[in-house]
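These numbers were taken from a predicted model, which means no experiment stands behind them. Just so you know, these numbers use all the heavy atoms, side chains as well, and skip hydrogens, waters and symmetry mates.
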Amino acid sequence: MNGGHPHRDDAHGKGTAASHDVFMQWLEGVSRVSDPFGVSAPILHAQIAWMAHPAELASRMAHLSSDLARLQWHTLQRMLGLPDPDPIPPAEGDSRFSDPAWTELPTFDLMKEWYLAFTRHTQDMLYDTPGMSDKDRERAAFWWRNWLNAVAPTNWLFTNPVALRKAMETRGESLVRGFRNFLEDLKAGEVRMTDPDDFRVGENLATTPGAVVMRNRLLEVIHYAPTRPRVHAEPVVIVTPWINKFYVLDLTPKKSMIRYLLDQGLDVFITSWKNPDADLRDVTFDDYLLEGVHAAVETARALTGADKVHAAGYCIGGTALAMYMAWANRRFAADAVPVRDWTLFTTLVDFRSPGEIEVFIDEASVQSLCEAMARKGCLEGKEMATSFRLLRANSLIWHYVVNGWLYGETPPPFDVLYWNMDSTRMPQAMHGWYLRELYLHNRLVQPDALTVAGEPLDLRRIVQPLYAVAAEDDHIAPWRETFRIHRHVSGERRFVLSSSGHILGIVNPPVDPPKRSFRAAPVEAGDQAAHWHAANAATPGSWWSDWMDWLKPRAGSLVKARPAATADFPELAPAPGSYVLER
């Protein structure tokens with residue numbers, strides 16, 4: 001015990017804590033101005049927090065000393081030419097050091113081990129920083145991890161034994177090709193994941209026959225030609241995300257969800273959104289709902305003569321569909337809602353924990369982004385694409401830097417990666433509103449907190465049956481967060497959890513033998529995600545067949561198939577239309 005002046009010590013401790021709080025508030029204010037996207041501020045906060053907790057820092061340093069002692073012994077063994085198992089193996093799924101040279105050559109083995117040790121302890125300390133919020137810890141770890149990924153020895157010629165070996169084997173030709181790839185990437189303004197010349201939309205991608213039957217300033221509605229003489233009476237309307245182009249659902253014929261639905265005897269319409277520029281800067285979300293989602297639904301009803309449609313929405317297209325369903329259940333009488341049931345693919349409606357993208361979103365970053373959009377009138381697609389690639393920098397950036405620039409390899413053709421590079425812009429007014437109201441304030445799950453197109457939205461009013469699909473490895477719409485929609489809507493609900501991620505969990509055609517698996521079961525009132533997961537075993541195969549078992553009995557009787565275009569809805573352009581080709 002301390003003797004003499006306990007009250008003075010207490011006062012001193014409180015004063016120190018108060019001073020620390022004042023300093024952190026001042027630092028946060030400065031950061032909002034000088035660092036709106038939170039790149040350096042969280043790391044600085046973490047350093048200050050560790051200095052303010054010396055006991056925890058001492059414990060962490062003791063743990064580090066133990067690992068360093070093991071590393072030093074490993075270093076000694078390798079310098080003597082003796083084999084020694086890696087004291088710090090790469091994390092599961094980290095393929096950067098998979099070449100045997102990283103283990104067999106002592107110099108590069110030691111480089112790898114010291115890098116992994118420094119990386120592992122830095123990341124652990126950031127995640128365990130005392131006195132910081134979880135969000136600040138995650139931000140600090142995210143930006144520090146991206147810096148550590150960038151300086152990895154695999155990314156540099158003279159510290160990458162594979163690159164050096166290839167240069168010697170090819171007598172420098174790999175370096176010449178790599179420099180050529182570097183110049184091409186520089187010209188393109190991005191690290192290319194596949195060669196754009198390998199694909200042409202409408203020629204070897206998005207080739208399913210159909211017609212644009214409606215066009216306005218925001219979208220084209222495509223109606224596909226039937227592949228069966230008879231189809232179900234009520235059509236399917238797919239609302240695609242406007243942050244990418246629609247043809248992810250119509251890649252090659254074997255991967256095309258559109259073609260699969262047609263072969264199942266369904267009549268299919270899809271949205272193809274305009275790639276907006278500054279001329280559409282003042283377009284609002286109200287416009288996207290009325291001129292977009294509602295226009296597509298009404299086009300399908302009018303062309304087919306069906307009273308109702310079966311709607312599906314992908315990613316933020318699904319979020320828009322959820323808002324439309326709440327809007328329609330307020331706008332129309334119960335029996336006049338134009339959608340009979342709805343399907344969601346990897347869709348968030350509750351944004352309180354929206355996945356790893358959260359590291360980019362707070363008041364300061366959204367404000368800075370809105371100011372930048374105000375100057376241009378829109379958000380460039382490549383800016384958003386870069387943000388998503390940073391979430392998986394090793395696999396989506398540095399992998400292509402190493403293989404393309406250091407190894408001189410040409411990226412193989414990959415349709416999904418070409419689609420991923422084919423980015424779109426966001427109009428200023430709509431995108432700013434979307435970020436603030438949904439991501440920042442999470443108002444969609446607050447009854448009547450949002451008014452869209454003249455109607456206050458309340459998800460509890462939605463009574464139409466719901467089929468919701470999520471993906472286990474989705475880092476954009478985490479499946480446990482997508483499960484939350486079942487807390488907010490009424491009516492029959494079925495949830496499906498596919499293996500794989502945000503794209504391949506959805507673009508998941510049936511194949512033999514099966515590549516993936518899925519869990520599918522109804523959701524009862526009060527079900528929690530963990531309980532639902534534990535109660536339902538995985539089934540090999542594609543969830544597409546389960547969806548058909550759920551959807552087709554609801555889609556009406558079989559009728560004579562309609563042509564893609566009619567006298568009342570003539571062909572404005574053959575599928576895939578003109579908007580999808582805009583750059």
Classify the ring geometry between [X] and [Y] as parallel (under 30°), tilted (30 to 60°) or perpendicular (over 60°).
X      : Y      : result
Phe360 : Phe142 : perpendicular
Trp242 : Trp273 : perpendicular
Tyr434 : Phe285 : tilted

For the student: nearest non-hydrogen atoms of [X] and [Y], plus distance:
X      : Y      : result
Asn536 : Ala521 : OD1-CB, 3.0 Å
Ala564 : Leu303 : O-CD1, 4.1 Å
Ser499 : Arg516 : OG-CB, 3.0 Å
Ala477 : Thr482 : O-CG2, 3.6 Å
Thr346 : Tyr314 : OG1-CE2, 3.2 Å
Pro576 : Ile222 : O-CD1, 3.5 Å

message = Walk me through whether Glu455 and Arg461 qualify under salt bridge (charged side-chain N to carboxylate O under 4.0 Å, His left out).
response = CA-CA 12 Å; Glu455 302 292 349; Arg461 288 179 170 268; over 6 Å; no
- Message: Between Asp546 and Arg494, does the side-chain contact (heavy atoms from CB on, under 4.5 Å) criterion hold? Intermediate values first, please.
- Response: CA-CA 10 Å; Asp546 183 82; Arg494 185 172 181 82; 2.9 Å; yes
I need the [X] [atom1] to [Y] [atom2] distance, nearest 0.5 Å.
X      : Y      : atom1 : atom2 : answer
Asp474 : Leu348 : CG    : CG    : 8.0 Å
Arg554 : Leu551 : CZ    : CG    : 8.0 Å
Leu219 : Thr299 : CG    : OG1   : 8.0 Å
Arg480 : His533 : CZ    : NE2   : 7.0 Å
Met430 : Leu218 : CE    : CG    : 9.0 Å
Met426 : Ile316 : CE    : CD1   : 6.0 Å

Answer yes or no: is there an ion pair linking [X] with [Y], defined by an N-O contact shorter than 4.0 Å?
X      : Y      : result
Arg392 : Glu356 : yes
Lys274 : Glu291 : no
Glu437 : Arg443 : yes
Asp448 : Arg330 : yes
Asp350 : Arg487 : no
Arg217 : Asp287 : yes

Please indicate whether Lys515 has more than 12 foreign heavy atoms, meaning atoms of other residues, nucleotides or ligands, lying under 6.0 Å from its NZ.
no
Worksheet entry | His475, NE2: over 12 other non-hydrogen atoms inside 6.0 angstrom | yes
**Report entry** Set of residues satisfying side chain to side chain contact (heavy atoms under 4.5 Å, CB included) with respect to Ala311, sequence neighbours excluded
**Finding:**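 Ala311 satisfies side chain to side chain contact (heavy atoms under 4.5 Å, CB included) with Leu321, Val339 once adjacent residues are dropped.
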Asp568 meets the side chain to side chain contact (heavy atoms under 4.5 Å, CB included) criterion, sequence neighbours left out, with Thr566
Look only at the side chain of [X] and the backbone of [Y], and say whether a donor-acceptor pair between them is shorter than 3.5 Å.
X      : Y      : value
Thr271 : Val239 : no
Trp342 : Gln464 : yes
Arg389 : Val191 : yes
Asn420 : Asn244 : no
Arg230 : Arg228 : no
Ser272 : Glu220 : no
Thr194 : Tyr418 : no
Asp267 : Ala233 : no
Arg340 : Lys308 : no
Asp527 : Glu524 : yes

message: Tell me every residue that passes side chain to side chain donor-acceptor pair (under 3.5 Å) with Asp473, counting only those two or more places apart in sequence or in another chain.
response: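 Asp473 satisfies side chain to side chain donor-acceptor pair (under 3.5 Å) with no residue once adjacent residues are dropped.
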Just wondering, do [Y] and [X] contact through their side chains at under 4.5 Å, heavy atoms?
X      : Y      : result
Thr386 : Glu190 : no
Phe351 : Leu440 : no
His502 : Cys315 : yes
Phe199 : Leu417 : no
Asp307 : Arg301 : yes

request  = With sequence neighbours excluded, give me every ring-ring contact (aromatic ring centres under 6.0 Å, His included) pair touching residues 556-583.
outcome  =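 For residues 556-583: none.
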Residues pairing under ring-ring contact (aromatic ring centres under 6.0 Å, His included) where one sits in residues 202-232, two or more places apart or in two chains, turn out to be His223-Phe269
**Message:** Are Trp532 and His486 an aromatic pair, judged by ring center distance below 6.0 Å?
**Reply:**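 Centroid distance His486-Trp532: not below 6.0 Å, so no.
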**Asked** Below 6.0 angstrom between ring centroids: does that apply to Phe345 and Trp547?
**Response** yes
Only one of Phe518, Trp550, Tyr467, Tyr260 passes ring pair (Phe, Tyr, Trp, His ring centres under 6.0 Å) with Trp544, and that residue is Tyr260
TODO: Take Ile476 and Ile357, measure what side-chain contact (heavy atoms from CB on, under 4.5 Å) needs, and give me the verdict at the end.
DONE: CA-CA 7 Å; Ile476 296 172; Ile357 195 67; 5.9 Å; no
Inset, instruction - Begin from the C-alpha positions of Phe414 and Trp419 and carry the test side-chain contact (heavy atoms from CB on, under 4.5 Å) through to its verdict. - result: CA-CA 9 Å; Phe414 194 171; Trp419 165 84; over 6 Å; no
Audit row: Arg425, Leu379, side-chain contact (heavy atoms from CB on, under 4.5 Å) steps and yes/no: CA-CA 5 Å; Arg425 293 176 290 274; Leu379 175 67; over 6 Å; no
### Query
When you check the side-chain N and O atoms of Asp263 and Thr227, is any donor under 3.5 Å from an acceptor?
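Present: a donor and an acceptor within the cut-off.
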If you look only at distance, which donor and acceptor atoms sit under 3.5 Å apart when one is on a side chain in residues 247-254 and the other is two or more places apart or in another chain?
{"residue": "Tyr247", "atom": "OH", "partner": "Asp422", "partner atom": "OD2", "Å": "2.7"}
{"residue": "Asp250", "atom": "OD1", "partner": "Thr208", "partner atom": "OG1", "Å": "2.6"}
{"residue": "Asp250", "atom": "OD1", "partner": "Ser256", "partner atom": "OG", "Å": "2.7"}
{"residue": "Asp250", "atom": "OD2", "partner": "Thr208", "partner atom": "N", "Å": "3.4"}
{"residue": "Asp250", "atom": "OD2", "partner": "Thr208", "partner atom": "OG1", "Å": "3.4"}

